[in-house]
S.K.: 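Shown below is the structure under consideration.
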Amino acid sequence: MKKIIFLLSVFFLGCSSDNKYLINEGVVNIDYLFNSPNTEWFKNNYDSYNLDTKTLNYDFSNLDEFQIEIYMNTKCHDSEREVPRLIKILNTLNFSEDNLKIILLDSNKKSSDGYENGKDITNTPTIIFISESIEMNRIVEFPYENLEKDILNIINNKNYKHVYYSE
């Protein structure tokens, strides 16, 4: 009897823990990106990205002063390309996951909890850099130069403008 209860407990715990990998919108973490069936493309794209090590040799120490919000869709080819690259860069720079928020949006760039409200999300991915609760800049859909250079320009306040910027 104890064996049956144990096996049933393991079964139900296993089922409930997998649910976190099945969501299609809302807040997720890096673990979700590596392990969800919705992001089967992530690990390969992460592993195959060749970092711009020349740029990464510059001083990124003030990156820790930022919070980063990523708005993405798991079926968006731009998110499939850019988000694994961004996560690999952030991991290489030892950026704290505590300062990272990953929000999955549906194909209409919406979430049922409204995480995107007031954020002017027009394309995915949109990567927003926030300091002291103020948006400092963003990368929209794809980088202007490459992610490493764009991040360096943003965190050093180098007059960066994303690819869709217009006055």
Side-chain angles (χ1 to χ4, degrees), residues 17 20-21 23-36 38-39 41-74 76-105 109-111 113-165 167:
S17 67
K20 70 181 181 180
Y21 297 118
I23 67 170
N24 292 312
E25 49 135 289
V27 177
V28 297
N29 59 22
I30 293 174
D31 177 64
Y32 171 93
L33 296 176
F34 276 104
N35 294 299
S36 172
N38 297 325
T39 56
W41 42 264
F42 186 85
K43 184 172 179 357
N44 185 50
N45 292 354
Y46 178 97
D47 290 341
S48 66
Y49 181 60
N50 293 315
L51 295 163
D52 176 358
T53 55
K54 183 177 178 185
T55 299
L56 289 175
N57 284 326
Y58 286 93
D59 184 10
F60 280 81
S61 61
N62 58 339
L63 179 62
D64 291 332
E65 299 170 15
F66 290 82
Q67 291 79 46
I68 298 175
E69 294 180 355
I70 304 170
Y71 294 85
M72 63 176 286
N73 179 285
T74 60
C76 165
H77 67 278
D78 295 309
S79 292
E80 290 180 19
R81 181 187 62 246
E82 300 303 335
V83 173
R85 292 175 177 185
L86 175 65
I87 298 302
K88 186 168 186 175
I89 293 164
L90 295 177
N91 285 344
T92 300
L93 294 170
N94 295 314
F95 185 75
S96 173
E97 192 171 350
D98 292 338
N99 292 335
L100 180 66
K101 188 174 185 180
I102 305 166
I103 301 99
L104 302 180
L105 302 176
K109 295 163 192 68
K110 302 285 182 206
S111 67
D113 290 328
Y115 294 108
E116 73 291 347
N117 292 342
K119 301 288 186 171
D120 192 29
I121 306 298
T122 59
N123 301 75
T124 55
T126 294
I127 305 157
I128 300 178
F129 293 79
I130 300 166
S131 180
E132 298 181 13
S133 301
I134 299 169
E135 179 179 333
M136 303 310 286
N137 219 318
R138 61 176 58 199
I139 298 170
V140 179
E141 196 169 15
F142 54 91
Y144 185 77
E145 291 185 75
N146 69 28
L147 283 171
E148 292 89 341
K149 289 177 183 173
D150 287 16
I151 293 167
L152 187 63
N153 287 330
I154 288 170
I155 67 172
N156 289 302
N157 201 22
K158 296 283 188 188
N159 199 30
Y160 174 83
K161 306 259 189 289
H162 63 77
V163 294
Y164 293 109
Y165 181 83
E167 293 190 59

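If you're wondering where the values come from, they're calculated on a predicted model, not measured in any experiment. Quick note: residue numbers are just sequence positions, from 1.
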S.K.: Count the heavy atoms belonging to other residues, nucleotides or ligands that lie under 6.0 Å from OH of Y46, then report whether that count exceeds 12.
M.R.: yes
S.K.: Would you say the side-chain atoms of S36 pair up with the backbone N or O of Y32, donor to acceptor, closer than 3.5 Å?
M.R.: no
S.K.: Under the salt bridge (charged side-chain N to carboxylate O under 4.0 Å, His left out) rule, collect the residues that match up with K43, sequence neighbours excluded.
M.R.: D47
S.K.: In Å, rounded to the nearest 0.5 Å, how long is the span from CD of E80 to CG of N44?
M.R.: 11.0 Å
S.K.: Set out, in order, the CA-CA distance, both residues' side-chain angles and the distance that settles side-chain hydrogen bond (donor to acceptor under 3.5 Å, both in side chains) for S111 and D113, then state yes or no.
M.R.: CA-CA 5 Å; S111 67; D113 290 328; over 6 Å; no
S.K.: For the CG atom of L147 and the OH atom of Y144, what is their distance to the nearest 0.5 Å?
M.R.: 15.0 Å
S.K.: Using modelled atom types and a 3.5 Å cut-off, is there a donor and acceptor pairing between side-chain atoms of N62 and backbone atoms of I155?
M.R.: yes
S.K.: Out of curiosity, C76 SG to K109 NZ, how far, rounded to the nearest 0.5 Å?
M.R.: 7.5 Å
S.K.: Is it the case that more than 12 heavy atoms not belonging to F34 sit under 6.0 Å from its CZ atom?
M.R.: yes
S.K.: D64: which residues meet the salt bridge (charged side-chain N to carboxylate O under 4.0 Å, His left out) condition with it, sequence neighbours left out?
M.R.: none
S.K.: Could you give me the CA-CA distance, side-chain angles and deciding distance for T55 and F60, then say whether side chain to side chain contact (heavy atoms under 4.5 Å, CB included) is met?
M.R.: CA-CA 10 Å; T55 299; F60 280 81; 4.2 Å; yes
S.K.: I would like to know whether D31 and K20 meet side chain to side chain contact (heavy atoms under 4.5 Å, CB included); could you show each step before the answer?
M.R.: CA-CA 10 Å; D31 177 64; K20 70 181 181 180; 3.8 Å; yes
S.K.: Examine distances only and state if a side-chain atom of N73 and a backbone atom of T124 form a donor-acceptor pair shorter than 3.5 Å.
M.R.: no
S.K.: Mind running side chain to side chain contact (heavy atoms under 4.5 Å, CB included) on T126 and D120 for me, showing each step along the way?
M.R.: CA-CA 10 Å; T126 294; D120 192 29; over 6 Å; no
S.K.: Looking at side-chain heavy atoms only, is the closest gap between I151 and L86 below 4.5 Å?
M.R.: yes
S.K.: Once salt bridge (charged side-chain N to carboxylate O under 4.0 Å, His left out) is applied, do any residues pair with K158, and if so which ones, sequence neighbours excluded?
M.R.: none
S.K.: Please tell me whether Y71 and Y115 form a close aromatic pair, meaning their ring centres lie under 6.0 Å apart.
M.R.: no
S.K.: So, E25 side chain and K110 main chain: donor-acceptor pair closer than 3.5 Å or not?
M.R.: no
